[in-house]
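Written out below as structure tokens is the structure these notes cover.
Atoms within each ligand, like the ligands themselves, are counted from 1 in listed order. Positions are given from 1 along the sequence.
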Amino acid sequence: MSAGSALLNPMEAATGEPREAPLRDSLRDSYGRAITDLRVSVTDRCNYRCVYCRTGNDGAQYAELAIADYLRMIRLFVSLGIEKVRLTGGEPLLRAGLLDLVREVAQLRTVSGAPLDVALTTNGHLLADLAQPLKDAGLCRVTVSMDAVDAETFAAITRVPRSFERVLAGIRAATAAGLGPVKVNCVLLRGFNDSQIEAFAEFSRREGVIVRFIEWMPLEEPSADGIGRNWTREAVVTLDEIVSRLQAYRPLLELPPHAASETARRYTFDDGVGEIGIVAPVSRPFCGHCSRIRLTSDGKIRTCLFSQTEHDLQGKMLRGSSDLELRAYIKGIVDKKEARHHIGEPDFQKPSRSMVHIGG
Ligand code: GTP
Ligand code: 5AD
Ligand code: SF4
């Protein structure tokens with residue numbers, strides 16, 4: 001071991017990324033990462049069949065819990081230091097009882113007594129009518145997945161006719177309801193929607209939303225029939241490519257991160273109008289600062305998007321464990337959180353579920 005590597009903490013050694021001192025009083029893994037961000041899937045059903053995510057042949061595969069069960073789990077996590085709860089799916093707006101869940105979660109307070117950051121990731125198809133009720137229930141903000149700003153390209157990706165108009169109306173309704181800053185997530189796939197980069201920059205400037213380009217990860221449902229797409233490194237449009245395309249469109253300025261654990265690198269243009277984020281888990285992994293833990297729709301804890309194993313929190317609850325026992329169980333699981341993903345490496349194994357069944 002060199003003198004330099006002897007100074008690294010285990011996380012630095014595992015990822016090569018420098019780290020600051022861990023926070024006190026929080027759920028912490030064995031690498032010293034504070035886990036403050038819980039993502040809860042409330043259904044693995046989805047009304048879209050995006051080519052990079054689903055084959056479109058299979059529907060829901062996992063159970064949904066009663067809203068009261070998600071709530072008990074979320075309370076336990078919040079009592080252990082979670083500060084941000086993101087509701088996801090599948091498509092969470094399909095879930096009956098979602099507004100009740102938001103209403104209850106919005107009442108919770110962090111261990112230091114602050115309001116929770118309650119966010120939702122949606123495909124936006126049903127958002128136009130639900131934006132105001134969600135805001136009224138206490139939701140803080142939404143992220144909408146939208147992979148093209150051209151209606152035809154969009155429908156070719158989602159495989160749902162007239163989907164673009166609905167999502168656009170959803171985004172505008174969310175902004176009007178005060179669920180901003182609205183983030184618009186675009187997963188780029190070479191040959192499908194990489195033509196849209198400049199148009200998305202314009203969209204951000206025109207609509208006042210944060211557009212985030214995401215590198216495609218190997219989390220799709222495997223496709224044998226060629227209708228969906230299987231991940232290849234070549235299909236990933238990398239951060240470097242996106243930055244140089246945007247620079248050619250208009251000079252870019254990098255913005256400082258809000259937090260070390262932020263997934264996106266942030267940019268604006270020379271006139272300060274528009275905000276672009278680039279989430280680059282493939283070319284610039286951010287695992288060294290990961291603050292996330294996930295709950296699947298059927299009540300399993302996943303410590304990493306790419307976990308090979310899950311932990312049956314719902315099973316423990318059904319067997320009558322007390323809150324005290326469940327808290328100890330969660331702490332033990334967080335302690336074993338994986339160091340990082342292995343995308344693109346020879347030892348890479350796809351996770352036990354695809355993205356739509358894990359939760360985005
Ligand atoms: P904020 O709450 O606004 O900070 O958003 P976020 O960055 O957590 O949100 P979002 O749900 O929009 O996530 C953006 C994208 O980043 C997701 O769609 C994933 O593609 C990717 N992503 C989110 N979390 C993880 C993670 O833990 N690991 C990896 N590798 N990718 C992630
Ligand atoms: N790689 C990266 N992002 C993905 N998403 C879905 N599948 C993938 C993938 N394989 C994104 C969606 C949405 C969020 C839930 O996750 O586009 O924005
Ligand atoms: Fe965290 Fe795993 Fe995502 Fe890396 S791949 S950022 S460790 S959840």
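- For atom 28 (N) of ligand 1, the nearest non-hydrogen atom from the set Val184, Leu305, Thr143 belongs to Leu305.
- Checked against side-chain contact (heavy atoms from CB on, under 4.5 Å), Arg166 has the following partners two or more places apart in sequence or in another chain: His125, Leu126.
- Inclusion of Asp37 in the set of residues having an N or O under 3.5 Å from an N or O of ligand 1 is not warranted.
- Ligand 1 lies nowhere less than 4.0 angstrom from a heavy atom belonging to Glu215.
- A heavy-atom separation below 4.0 Å is found between Arg294 and ligand 1.
- Using a 4.0 Å cut-off between heavy atoms, Val187 makes no contact with ligand 1 at all.
- Ring-centre distance between Phe192 and Tyr52: not below the 6.0 Å cut-off.
- A salt bridge is absent between Glu215 and Arg284; no separation between the charged side-chain nitrogens and carboxylate oxygens falls under 4.0 Å.
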Below 3.5 Å only, please: the N or O atoms of ligand 2 paired with protein N or O atoms, distance on each line.
from     : atom 1 : to     : atom 2 : distance (Å)
ligand 2 : 1 (N)  : Met217 : N      : 2.9
ligand 2 : 10 (N) : Trp216 : NE1    : 3.4
ligand 2 : 10 (N) : Met217 : O      : 2.8
ligand 2 : 17 (O) : Tyr52  : OH     : 2.9
ligand 2 : 18 (O) : Ser145 : OG     : 2.9
ligand 2 : 18 (O) : Asn185 : ND2    : 3.3

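- More than 12 heavy-atom neighbours from other residues, nucleotides or ligands sit within 6.0 angstrom of CG on Asp150.
- Under a 4.0 Å N-O distance rule, the pair Arg103/Asp100 qualifies as a salt bridge.
- Within the set Lys84, Arg212, Arg292, the minimum heavy-atom distance to atom 14 (C) of ligand 1 is found for Arg212.
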